[in-house]
Amino acid sequence: MAALSKSIPHNCYEIGHTWHPSCRVSFLQITWGALEESLRIYAPLYLIAAVLRKRKLEYYLYKLLPEILQSASFLTANGALYITFFCILRKILGKFYSWTPGFGAALPASYVAILIERKSRRGLLTIYMANLVLLFCITAAMYMFFFRCKDGLKGFTFSALRFIVGKEEIPTHSYSPETAYAKVDQKREKHKGAPRAMSVISLVRTLVDSICKHGPRHRCCKHYEDNCISYCIKGFIRMFSVGYLIQCCLRIPSAFRHLFTEPSRLLSLFYNKENFQLGAFLGSFVSIYKGTSCFLRWIRNLDDELHAIVAGFLAGVSMMFYKSTTISMYLASKLVETMYFKGIEAGKVPYFPQADTIIYSISTAICFHAAVMEVQNLRPSYWKFLLRLTKGRFALMNRKALDVFGTGASREFQNFIPRLDPRYTVVTPELPIDFY
């Protein structure tokens, strides 16, 4: 721990925005870079979410762009307001203390920034924890349990899970077995005489049907059109395709940026390792969940919501194909939020106004403080995200001057000394190595 009483006389140019002496210019540069990166993150995210939720044309015309801009403004404000409060605190206090460059500047910045975001997206955030796959297994188990409980999940979370695992796994299925079989017969009669073009998808479907034609199906299973084996195989193929296409879409902007300079990079759009990893993750999650659910129905001879806990936990092992801290932590935080509000509805836990805002602000401030004072203790993925958001400027801070606080701030930046203009400095700057 750095001594809170220690201080250094350097100004904000010497420590923070070392690339330009003007606080105003530095603010504008950070803001523009963060806005550009935020739009690049949120535009495809909201578009994919809208497709998954089957939004109507009215949403795309009137709501999609405002929601993208609102979330992009929130993320932009995180970076822009940080450098703002960084400079303000230096001007008010006249010097830097151990807490001001990181936690002190990030706390008010993140609090104001989260108020810009929509209330529905202010989830309870947590600091990085536990084993990634184990955390996802537990999170998946609880999500699938709530998914199968009546009124367990609502809104986008329920819609997303219904899209991923299918409505057949919802216990309150509106179809009776007799009605479902009648609908299957009607569908077969309807398409019996109509010739179909043999596309790749239809060929794969025909192959799967032929392999699993005589497979078994338990009477408690609601996938009336398929037996249990084809039900799992088709689930894997469907979500593998979705994951592959999502990853391809996310790589389109970067691939086309090099269209004329490096045309060969376009091939990586389709033959990239991450494309198959995301597909394998989603496909295996669905197939393991469905397979386990069917297996438990066969073993116990009933359809029980508790099956979802076992099936969801085992399906969580699929995270090994696509180890994503972002996915795991986001889902875990949203699960905590869901359970918290369910506790409030049941009268079991008290309601704390703005709890999500406060927790987000403190969590973000801690991460920013680590990024300034002890980068070696920050998760690499979060550090890379901060570099993307600031166009690499977060790495240009004068961390050698912060070593006096005893956190080893410059441990990862031993060879970096910023080029400072002596006309705007309080302390005579150290010359870069390549100056000599």
Side-chain angles (χ1 to χ4, degrees), residues 45 49 52-53 67 70-71 74 78 107 110-165 167 169-173 285 289 292-293 296 302-319 324-367 382:
L45 182 66
L52 292 179
R53 299 179 71 172
E67 289 184 1
Q70 185 173 5
S71 292
F74 145 71
N78 258 309
L107 183 63
S110 56
Y111 181 82
V112 175
I114 194 63
L115 296 179
I116 299 175
E117 182 61 285
R118 289 181 297 139
K119 180 67 176 176
S120 60
R121 288 182 53 83
R122 299 179 198 171
L124 291 175
L125 304 178
T126 55
I127 306 173
Y128 294 108
M129 63 175 74
N131 179 276
L132 190 61
V133 175
L134 179 60
L135 175 64
F136 183 72
C137 287
I138 297 172
T139 303
M142 297 307 300
Y143 262 118
M144 301 317 300
F145 173 71
F146 285 128
F147 173 68
R148 295 207 53 184
C149 290
K150 186 177 181 180
D151 297 326
L153 293 175
K154 300 176 182 178
F156 174 70
T157 305
F158 178 81
S159 301
L161 286 177
R162 183 176 58 183
F163 173 81
I164 293 172
V165 301
K167 62 183 180 182
E169 293 299 330
I170 306 175
T172 54
H173 204 280
F285 180 89
Y289 177 80
T292 305
S293 297
L296 292 174
L302 57 87
D303 190 19
D304 191 349
E305 288 87 350
L306 295 176
H307 292 174
I309 297 180
V310 179
F313 184 87
L314 294 178
V317 178
S318 60
M319 176 62 74
S324 171
T325 302
T326 303
I327 293 176
S328 186
M329 295 306 304
Y330 175 76
L331 292 178
S333 65
K334 293 299 291 183
L335 177 63
V336 172
E337 181 184 28
T338 300
M339 297 178 69
Y340 172 66
F341 283 110
K342 283 188 174 295
I344 293 175
E345 293 175 1
K348 302 294 184 181
V349 296
Y351 173 69
F352 297 99
Q354 293 192 328
D356 52 354
T357 304
I358 294 172
I359 292 177
Y360 171 84
S361 304
I362 294 175
S363 301
T364 305
I366 291 174
C367 290
Y382 192 76

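- Taken from CG in N78 to OH in Y111, the straight-line distance is 14.0 Å, to the nearest 0.5 Å.
- In this structure, the ring-ring contact (aromatic ring centres under 6.0 Å, His included) partners of F74, at least two apart in sequence or on a different chain, are Y360.
- A search for side-chain contact (heavy atoms from CB on, under 4.5 Å) contacts involving L107 returns F103, S361, I362, A365, not counting sequence neighbours.
- Qualifying side-chain contact (heavy atoms from CB on, under 4.5 Å) partners for V112, counting only residues two or more places apart in sequence or in other chains: L81.
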Derivation of the side-chain contact (heavy atoms from CB on, under 4.5 Å) call for F147 and R162:
CA-CA 8 Å; F147 173 68; R162 183 176 58 183; 4.2 Å; yes
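- We find the OG-CD1 distance between S110 and I358 to be 11.5 Å, quoted to the nearest 0.5 Å.
- To the nearest 0.5 Å, atoms CZ (F146) and CG (L161) are separated by 12.0 Å.
- Here the straight-line distance linking atom OH of Y289 with atom NE2 of H307 works out to 10.5 Å at 0.5 Å rounding.
- In this structure, the separation between CD1 on I116 and OG on S71 is 10.5 Å, given to the nearest 0.5 Å.
- S293 and A311 get closest at one heavy-atom pair: OG-CB, 3.6 Å.
- The salt bridge (Lys or Arg N to Asp or Glu O under 4.0 Å) check on E345 picks up nothing, with sequence neighbours excluded.
- Contact between S318 and A315 at its shortest, heavy atoms only, is OG-O, 2.6 Å.
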Worked check of side-chain contact (heavy atoms from CB on, under 4.5 Å) between V310 and L306
CA-CA 7 Å; V310 179; L306 295 176; over 6 Å; no
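- Nearest heavy-atom pair across F285 and A140 is CE1-CB, 3.8 Å.
- Put simply, the side chain of D303 reaches to within 4.5 Å of the side chain of R148, judged on heavy atoms.
- The two residues F145 and E305 make their nearest non-hydrogen contact at CD1-O, 3.7 Å.
- In this structure, the separation between CE on M142 and CD1 on I309 is 6.0 Å, given to the nearest 0.5 Å.
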